[in-house]
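Counting begins at 1 with the first residue of the sequence.
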Amino acid sequence: MASAPDKRRVSYYFDPDVGSYTYGLGHPMKPHRILIAHHLISAYNMLEKMHVLRAKRASAESMTRFHTDEYVQFLHRVTPETADELTYHGSRFCVGDDNPPFEGVFEFCSISAGGSLAAAHRLASGATDIAINWAGGLHHAKKQEASGFCYINDIVLGILELLRTYPRVLYIDIDCHHGDGVEEAFYTTDRVMTCSFHKHGEYFPGTGDSADRGEGRGRGYAVNVPLKDGISDETYKSIFEPVITKILEVFRPSAIVLQCGSDSLAGDKLGCFNLTMRGHAACVQFVRRQNIPMMLLGGGGYTVKNVARTWCYETACALGIEASIDEMLPYNAYFEWFGPKYRLEVPDNNMENINLKDGYLTATRDKVLAQLSELQPAPSSQMQDVPRESVGAHLGWRIQGEEAQDELDKSLARHSRFVYKMQEPDPSDEETYDSDASASTSARNARKSHRASRPQTRNKKRMSIITNQPLDLPQWREFELCSGAAEMDRKTRRRFFTSGDENSPGVDEIVEVYNGVVKGSGGLNGASRLGETMSRGGVSMEVDEEDMSE
């Protein structure tokens, strides 16, 4: 049971190496902002009021609790020099210029994911009431693809860890961009409710319409609050607090994960909201007052000095000392960055609040509250103890370290991936959300009919977070042996019977041979001729009159 609000136990996760990584010259994402925020937190003497911890970095194995093995292996191997080859000329894994394969990308991901995993474990064990990881909150990363500056979805990994102990987890996202990666991961379950307050329209990632509410068992447990440009503190509060209050009433979460993306602040380089530092932090204060175990994570934010100020102030909110800290910044290693005012504040500007036009905000709030009213209160969840380690690890069979693979190992691994289609994306992944194998055929047909009638907002073309324009990407094909431009345009994934001769028959011709039909001729003994054809690599055979007469 959580402590009293005035005596909250706060755990703060920080790795001093996190500020050493860079996405590249001119890239808007600056991991160094986390280090600057830490120096500001330290200058306010907050560290002595918290449990300051350095989390163990996440291993590749722990990342595969959500991400695919192939994608994690790619992140482990990729360098700027090998990126073009490993991404299949930019068509897989790291899509577009938003997600550069910079030097040390895997180590950066391991710091971010490791902090969120450790924070979740500490919350679940009851050792703390609030856990903070400002290096986390990378909510756009998908199961097998980087997106929106995010490579590993530490939020999903953290929530999965929380679900080992807590029956229901609420995820709240106050980033300016839609939390699409987290929503997608839990779109079909009622154990996690995702609630995202974001800019909607011609804006990255192009998802997050209020009609997207989940599928199958998770129907109604994905809550989207689409907003427009220029929202202010007062209007944001007028929709945030009623929606969260209603969610707490109907969902009754056992733990809350709050993503505090700071690109919703006024003056952000990529944002379009008009929130002040105190208006942004009011969300943290409101959630903290609920006295529910809470994890605070970072996220977006591209005006570095404003991000550092806000996360410093929200750390004070977690501690409950925000009223006692001085607005004049104390001296720190980055003091000159905060000029000319040197104050702990992010003021608003004169942006027009489009949300107030035509009653848009009121209509949106009423619609979301009506959707929440349709839910049955507090979905039940059967809980049982989940083993924390495998049987092999328990018996001491785990190999310490990772043994180097020889060429035979690598060759066999490549062969397995191709033979068993481990690298082929499932074409039904984007359209099928309910994976409950026990559901009846009639129920599945009803869901398909429902999906056909609902607005198709989830399968939009991928966008750039920097330009908010659709990406023109090359189409990826895993295994292509076709020759000639005309053959390359065909949609076949594999063509095993195509030789270098452009006149060689393809799969269609071989199938016709098997069926006893050769173009321009009569019948053929299918079984024997097929064997001969295969032995010749698909090269067409001469069929004379005597063979035809047989």
Side-chain angles (χ1 to χ4, degrees), residues 11-43 46-47 50 52-60 62-63 72 74-83 86 93-94 97-119 131-141 146 148-155 157-158 260-263 269-270 296-312 315 331-338 465-466:
S11 298
Y12 172 80
Y13 286 90
F14 174 72
D15 191 314
D17 293 338
V18 72
S20 304
Y21 300 94
T22 174
Y23 279 57
L25 185 65
H27 197 282
M29 176 61 104
K30 310 289 185 184
H32 200 69
R33 65 200 175 135
I34 303 163
L35 182 61
I36 299 173
H38 175 75
H39 277 275
L40 202 53
I41 292 168
S42 177
M46 296 185 204
L47 298 181
M50 304 182 288
V52 181
L53 304 164
R54 180 175 181 175
K56 180 182 178 181
R57 298 187 180 182
S59 65
S62 62
M63 293 178 186
V72 174
F74 159 77
L75 290 176
H76 195 270
R77 295 175 54 200
V78 70
T79 64
E81 293 75 23
T82 62
L86 295 180
F93 302 134
C94 289
D97 297 332
D98 294 352
N99 313 294
F102 58 87
E103 197 69 44
V105 61
F106 183 81
E107 288 77 12
F108 174 73
C109 293
S110 67
I111 292 173
S112 172
S116 295
L117 283 169
I132 301 173
N133 176 32
W134 295 129
L138 305 180
H139 58 167
H140 294 305
F149 311 155
C150 307
Y151 299 85
I152 290 293
N153 201 315
D154 64 285
I155 305 174
L157 295 174
C260 302
S262 295
D263 49 6
K269 293 180 179 179
L270 297 183
L296 290 181
L297 302 175
Y302 310 103
T303 301
V304 172
K305 57 185 180 180
N306 289 346
V307 175
R309 286 184 175 110
T310 302
W311 288 350
C312 172
T315 303
Y331 184 79
N332 60 87
Y334 295 92
F335 186 73
E336 66 277 7
W337 284 44
F338 299 100
I465 190 174
I466 300 176

Checking S42 against N332 for the side-chain contact (heavy atoms from CB on, under 4.5 Å) test, could you report, in this order, the C-alpha distance in whole Å, the side-chain angles of both residues, the deciding distance, and whether it holds?
CA-CA 8 Å; S42 177; N332 60 87; over 6 Å; no
[X] and [Y]: which non-hydrogen atoms are nearest, and at how many Å?
X    : Y    : result
G115 : N133 : C-ND2, 3.4 Å
Y23  : P100 : O-CG, 3.2 Å
A141 : N153 : O-ND2, 2.9 Å
A58  : L117 : CB-CD1, 4.1 Å
A308 : I36  : CB-CG2, 3.7 Å
I34  : F14  : O-CE1, 4.2 Å

With a 4.5 Å cut-off on side-chain heavy atoms, are [Y] and [X] touching?
X    : Y    : value
D17  : E107 : no
I466 : D97  : no
F93  : L86  : no
L157 : S116 : no
S262 : R309 : no
I465 : Y302 : yes
L270 : F149 : yes
W311 : I132 : no

Once rounded to the nearest 0.5 Å, what's the spacing between atom [atom1] of [X] and atom [atom2] of [Y]?
X    : Y    : atom1 : atom2 : result
F106 : I152 : CZ    : CD1   : 7.5 Å
K305 : E336 : NZ    : CD    : 12.0 Å
R57  : I111 : CZ    : CD1   : 4.0 Å
S20  : D15  : OG    : CG    : 9.0 Å
F338 : L40  : CZ    : CG    : 5.0 Å
H140 : I155 : NE2   : CD1   : 9.0 Å

Taking the side chain from [X] and the backbone from [Y], do they hold a donor-acceptor pair closer than 3.5 Å?
X    : Y   : answer
T82  : V78 : no
W134 : H38 : no
H27  : N99 : no

Test side-chain contact (heavy atoms from CB on, under 4.5 Å) applied to W337 and H39, step by step:
CA-CA 12 Å; W337 284 44; H39 277 275; over 6 Å; no
The side chain to side chain contact (heavy atoms under 4.5 Å, CB included) partner of D154 among S112, C109, S110 is S112
Centroid-centroid distance, Y151 to F102, less than 6.0 Å:
yes
